[in-house]
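All remarks here apply to the structure that follows.
As the structure is a prediction and not an experimental result, all values here were calculated from the model.
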Amino acid sequence: MKSVKLAGIKRERETLGIQMYANEVFFIARAIKPPANFLVFGMGNDSPLWSKLNRRGRTVFIEDQEEWFAKIKQEHPSLEAYLVNYGTKLEEGMQLIDHPERLSMDLPAEIRKTRWDVILVDGPAGYEDGTPGRMKSIYEASRLIKPHGNIFVHDQERPIEQEYCDRYLLRRNVVGEVQGRATLRRYVVS
């Protein structure tokens, strides 16, 4: 794909109805060097754009909400996506942080054996009690990324995202951050 331009991202955002602000999408897009292995926790209106930005690469989505999974797969059947059950609640977050054995997910072998160049954690929901929270997706991102790969965590201003990123991605690995709809932080994990 040609170099990514902010103006093009703005057009795609409007066309697709993407929630993330253009500067957030652009921040991630610049790290995708096709062909790459790109893993996204969460599906939404932005899913076809992530796949398009990684043309000739492998883009895989992990989603827990059956409605979103069905909707996006029906609209874009060629996307590679897996439906998962996190089995956690946001309010359990601080009780689980010291128990990595309880943070491991039941992911397909194809996901585990791939060395991911870029991982985006934008799911599952973690904005209120009763939602799964992003504890497992942040933990798994730390285990699945290849050395010197890029991990992006959206909604970094929330307490659980901060605590889990500090523990499993490490503050010293932060290489950038943008403010948009929320805080988006980039980690390069060695």
Side-chain angles (χ1 to χ4, degrees), residues 1-86 88 90 105 111 116-138 140-141 150-158 160-162 165 176-187:
M1 177 168 212
K2 294 187 267 183
S3 67
V4 179
K5 304 275 192 254
L6 184 57
I9 295 292
K10 287 179 178 178
R11 279 192 303 277
E12 290 280 351
R13 182 179 177 269
E14 286 180 25
T15 301
L16 296 172
I18 295 172
Q19 289 183 339
M20 253 188 224
Y21 286 3
N23 67 320
E24 296 170 295
V25 175
F26 186 65
F27 188 55
I28 299 164
R30 290 186 339 208
I32 302 168
K33 308 289 187 219
N37 289 318
F38 181 25
L39 180 63
V40 181
F41 286 91
M43 289 183 85
N45 294 330
D46 56 354
S47 297
L49 176 61
W50 298 131
S51 188
K52 179 180 176 181
L53 290 170
N54 191 26
R55 194 171 307 261
R56 295 180 320 279
R58 182 176 182 212
T59 304
V60 178
F61 300 90
I62 304 292
E63 178 58 51
D64 69 308
Q65 294 184 11
E66 289 185 41
E67 311 81 42
W68 267 115
F69 182 84
K71 176 187 184 299
I72 302 301
K73 281 295 285 177
Q74 182 177 8
E75 293 172 4
H76 307 279
S78 65
L79 294 180
E80 183 179 356
Y82 298 90
L83 189 62
V84 299
N85 180 356
Y86 284 93
T88 54
L90 178 64
M105 294 176 66
I111 302 294
W116 299 97
D117 300 295
V118 180
I119 298 177
L120 169 59
V121 176
D122 196 21
Y127 51 84
E128 65 184 2
D129 285 353
T131 61
R134 295 187 179 165
M135 298 84 71
K136 286 188 173 187
S137 52
I138 292 168
E140 288 291 3
N150 291 273
I151 299 175
F152 293 86
V153 180
H154 199 236
D155 301 304
Q156 183 71 52
E157 73 282 355
R158 299 189 305 211
I160 288 295
E161 282 80 352
Q162 288 177 13
C165 287
E177 172 178 300
V178 296
Q179 297 296 318
R181 181 174 172 269
T183 302
L184 175 68
R185 193 169 284 166
R186 178 182 179 187
Y187 297 82

[atom1]/[X] to [atom2]/[Y] distance, rounded to the nearest 0.5 angstrom?
| X | Y | atom1 | atom2 | result |
| --- | --- | --- | --- | --- |
| Glu157 | Leu184 | CD | CG | 10.0 Å |
| Met105 | Thr88 | CE | OG1 | 8.5 Å |
| Leu49 | Thr15 | CG | OG1 | 10.0 Å |
| Glu75 | Ser47 | CD | OG | 10.0 Å |
| Tyr86 | Met135 | OH | CE | 10.5 Å |
| Glu140 | Ile138 | CD | CD1 | 12.0 Å |

Under 4.5 Å between any side-chain heavy atoms of [X] and [Y], yes or no?
| X | Y | value |
| --- | --- | --- |
| Cys165 | Gln156 | yes |
| Leu83 | Glu66 | yes |
| Val178 | Phe152 | no |
| Val25 | Asp46 | no |
| Leu90 | Tyr127 | no |
| Arg186 | Asn150 | yes |

For a quick test of reading the model, state the closest non-hydrogen atom pair linking [X] to [Y] and the distance between them.
| X | Y | answer |
| --- | --- | --- |
| Lys71 | Asn45 | NZ-OD1, 3.7 Å |
| Gly180 | Tyr21 | C-CD2, 3.2 Å |
| Ala182 | Glu24 | O-OE2, 3.1 Å |
| Arg13 | Ala22 | CD-N, 3.5 Å |
| Leu53 | Ala29 | CD1-CB, 3.7 Å |
| Met20 | Asp122 | CE-OD2, 3.4 Å |

Hey, is CD on Glu177 packed in by over 12 heavy atoms from elsewhere, all under 6.0 Å? yes
Without swapping roles, check the side chain of [X] against the backbone of [Y] for a donor-acceptor pair under 3.5 Å.
| X | Y | value |
| --- | --- | --- |
| Asn37 | Asp117 | no |
| Asn23 | Gln179 | yes |
| Arg134 | Pro124 | yes |
| Trp116 | Ile151 | no |
| Ser137 | Val121 | no |

Going by atom types alone, do Trp50 and Asn54 pair a side-chain donor with an acceptor below 3.5 Å? no
Checking side chain to side chain contact (heavy atoms under 4.5 Å, CB included) for the pair Lys52/Glu12: CA distance, chi angles, key distance, verdict? CA-CA 11 Å; Lys52 179 180 176 181; Glu12 290 280 351; 2.5 Å; yes
Between Arg58 and Glu80, is there a salt bridge with N-O shorter than 4.0 Å? yes
Quick test of your reading of the model: are Lys73 and Glu63 salt-bridged, counting only N-O distances below 4.0 Å?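 Not counted as a salt bridge, because no side-chain N and carboxylate O are separated by less than 4.0 Å.
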